[in-house]
Protein chains: 2
Amino acid sequence: MAKRQQINVEVVAVVMTISEGALKTLLLRHNDQRWALPGTAPRHDESLRSAVDRTIREHAGIEVEYLEQLYTFDSQHNSGGNREVQIVYYGLVPSVLLRSKELEDRAKVNWFAEHEQKLVDNHSEIVHTARLRLSGKLSYTAVGFELLPDKFTLAEPQNLYEVILGKELDKRNFRKKVNALGILEATGEERISRIGRGRPASLYRFKPEVFHNIETKGDIFPV
Amino acid sequence: MAKRQQINVEVVAVVMTISEGALKTLLLRHNDQRWALPGTAPRHDESLRSAVDRTIREHAGIEVEYLEQLYTFDSQHNSGGNREVQIVYYGLVPSVLLRSKELEDRAKVNWFAEHEQKLVDNHSEIVHTARLRLSGKLSYTAVGFELLPDKFTLAEPQNLYEVILGKELDKRNFRKKVNALGILEATGEERISRIGRGRPASLYRFKPEVFHNIETKGDIFPV
DNA sequence: ACAAAAGTGTTCGATATACACCCATGT
DNA sequence: ACATGGGTGTATATCGAACACTTTTGT
C-alpha cells in the first residue's frame with residue numbers, strides 16, 4: 001500500500017454571540033493587520049470536538065454549550081505549501097458571557113462583527129459560511145435561544161432574531177409564535193430597562209424539560 | 001512549533017439512487033462478510049471533491065452530478081491504531097444509470113438498501129446519516145429530482161419521494177405542488193408502462209433554465 | 001404630562017391536507 | 001369487459017403577515 005500523503009488536520013471554531021445589536025464572532029489577534037479564528041491541531045488522544053472545546057477554552061476561557069460541525073474546508077491557501085483541511089465547528093454563546101467574563105486582554109481576544117477586521121487566509125469565508133448556516137438554521141429550529149442568558153425578556157430573543165435575520169419582526173407575531181412553541185415559562189420576575197424608562201418586562205426562562213435543538217413544527221420562525 | 005500528530009485523511013462517498021422502490025447505496029465488497037463505501041486518500045494535487053469524484057469513477061465508473069459534503073467523522077474505529085478523519089460526501093444519481101451502465105462485476109460492486117449487507121467499521125452509521133440528511137433536505141429543496149433521468153413521468157418523482165420519506169403521498173397534491181414549482185415542462189411525448197397495461201403517461205423534463213438545488217418557496221415538499 | 005418600552009387580537013391570504021371519480025390503453 | 005395505471009378539482013384547516021392601541025413605569 002502506498003504511503004499516504006501528509007495532510008495537516010486542523011479544527012477551527014466560529015464562536016458567535018449577539019452584542020450591541022450585531023452578530024459578532026470571537027477572534028484572536030494574528031498580527032498588526034489581521035485577526036484569526038481560534039484553531040488547533042487535534043491531539044492524538046482527543047476527539048475533534050474536544051479539540052475545538054479546548055482551543056476555545058485556552059484562547060478565550062469560554063465554555064460553549066451549543067457547538068456543531070459546520071463544514072470541512074479544503075485549504076490550498078496555506079502559505080507553508082502544506083496541504084491542510086480545516087474541520088470547522090460553529091458555536092453560540094449567551095450574550096451575558098460578554099459582560100460577566102471580561103476578556104482578559106482586549107488587544108488579543110475580542111468579538112467583532114463581520115467585516116470589522118481583516119482576517120487571515122480563508123477565515124472570512126469561513127465566518128460567512130457560519131453566518132449563512134446560522135440564518136438557515138434559525139428557520140427550522142430554535143437555535144437562536146442558545147444565545148440567551150438563563151432569564152430573559154421576550155424582547156431579547158426578538159431582537160436577536162432580527163439581528164441574525166437582518167430584518168424587523170412584528171412583536172405580536174413573534175410572541176404568538178414563541179408562545180405556540182411552548183418552550184418558555186414566565187418566572188414571575190420583572191426587569192426594568194437599563195435606562196429606567198418604560199414598563200418593566202416579564203422575565204422568562206426555558207421550561208426545565210426543554211433543551212437544545214428544538215425543532216419547530218409547521219413552518220418555522222418568522223422568516 | 002511542535003510537530004503535528006499524524007492524522008490520516010480519507011474521503012468517503014455515499015452515492016445513492018432509487019431502484020426497485022428502495023433507496024440504495026453504492027457499496028464495494030470488502031471481504032466475504034462485509035461491504036464498504038468507496039473511499040480514498042486525497043492526492044496531494046487534487047481537491048477533496050476531486051478525490052471523491054475519482055474514487056466513485058474508479059470503483060463504479062459513474063459520474064455523479066449532484067454531490068455535497070455530508071459530515072466529517074472522527075473515527076477512532078481504525079484497527080491499525082492510526083488516527084483518521086473521514087470527510088464524507090453524499091451524492092445522488094438518476095436511477096437510469098443502473099440499467100444503462102451494467103456494473104461490470106456484481107460480486108464486487110453493487111447497490112444495496114440499508115441493512116441489506118453488513119458494512120465495515122462505521123460505514124453503517126455514515127449511510128444512516130446520509131439518509132437522514134437526504135430526507136431532511138427533501139423538505140426544503142427539490143434535490144429529489146436529481147435522482148431522475150432526463151425525461152420522466154410524474155409518477156416517478158412521486159414514487160421517489162415516497163420511498164425517501166417513507167410514506168405515501170397524495171397524487172393530486174403532489175402534482176399540484178410540482179406544478180406550482182414551475183420547474184418542469186411536458187415534452188409532448190408519452191410512455192406506456194412496462195407491462196403494457198394502463199393509460200400512457202406524459203413525459204416531463206426540467207425547463208432548460210432550471211437547474212440544481214431549487215429552493216422551494218413557502219413550505220416545501222409533501223412532508 | 002410625557003417619554004419609553006411592554007403587552008395584547010383580529011383579519012386576510014396562502015399553503016397543506018383530505019378526499020373520489022373518469023380516462024386511455026392492452027389483454 | 002376488465003384490469004391497470006394516468007389524470008383531474010374542491011373544501012377545510014392551519015399558518016404566516018399585516019396592522020394600532022393600551023398599560024406601566026420613570027422623569
Note to self: From CG of B/D170 over to C1' of D/dT12, roughly how many Å is that when rounded to an integer?
What the structure shows: 15 Å
Margin query: I'd like to know if A/K176 reaches the base of C/dT10 with its side chain such that a donor and an acceptor end up less than 3.5 angstrom apart.
Written below: yes
Next item on the list: Answer with base, sugar-phosphate or nothing: what part of the nucleic acid does A/T153 contact at a heavy-atom distance below 4.0 Å?
Entry: nothing
Next item on the list: Return no unless some side-chain N or O of B/S202 is found under 4.0 Å from OP1 or OP2 of D/dG7.
Entry: yes
Note to self: From CG of A/N179 over to C1' of C/dG7, roughly how many Å is that when rounded to an integer?
What the structure shows: 12 Å
Next item on the list: In whole angstrom, give the distance that lies between atom CG of A/L169 and atom C1' of D/dC19.
Entry: 15 Å
Checklist line | Exceeds 12 heavy-atom contacts within 6.0 angstrom, atom CG of B/D150 | finding: no
Next item on the list: Flag the pair A/E146 and A/K137 as a salt bridge only when some basic side-chain nitrogen lies within less than 4.0 angstrom of an acidic carboxylate oxygen.
Entry: no
Notebook entry, point to check: Roughly how many Å is it from CG in B/N173 to P in D/dT10, rounded to a whole number?
Noted result: 14 Å
Check: Side chains of A/N173 and A/K176: do they bring a donor and an acceptor to under 3.5 Å?
Finding: yes
Next item on the list: Let me know the distance between NZ of A/K177 and C1' of C/dT8, rounded to the nearest Å.
Entry: 18 Å
Note to self: Using every non-hydrogen atom in the two residues, find where B/V143 and B/L92 come nearest and quote the distance to one decimal.
What the structure shows: O-CD1, 3.8 Å
Checklist line | Minimum-distance pair of heavy atoms, taken over all atoms of B/E114 and B/V127 | finding: CG-CG1, 4.5 Å
Note to self: Side chains of A/D121 and A/Q86: any donor to acceptor distance under 3.5 Å?
What the structure shows: no
Notebook entry, point to check: In whole angstroms, how far is the C1' atom of D/dG7 from the CD atom of B/E156?
Noted result: 16 Å
Item checked: Atom-pair distance (CG on B/N159; C1' on D/dG5), nearest Å -> 13 Å
Notebook entry, point to check: For every nucleotide of nucleotides 20-27 of chain D, 5' to 3': is a protein heavy atom under 4.0 Å from its base (B), only from its sugar-phosphate (S), or from neither (-)?
Noted result: B--BBBSS
Item checked: B/L154 versus B/F174, closest heavy-atom pair with distance -> O-CE2, 4.0 Å
Notebook entry, point to check: Rounded to the nearest Å, what distance is computed from the CZ atom of residue A/R175 to the P atom of nucleotide C/dA5?
Noted result: 14 Å
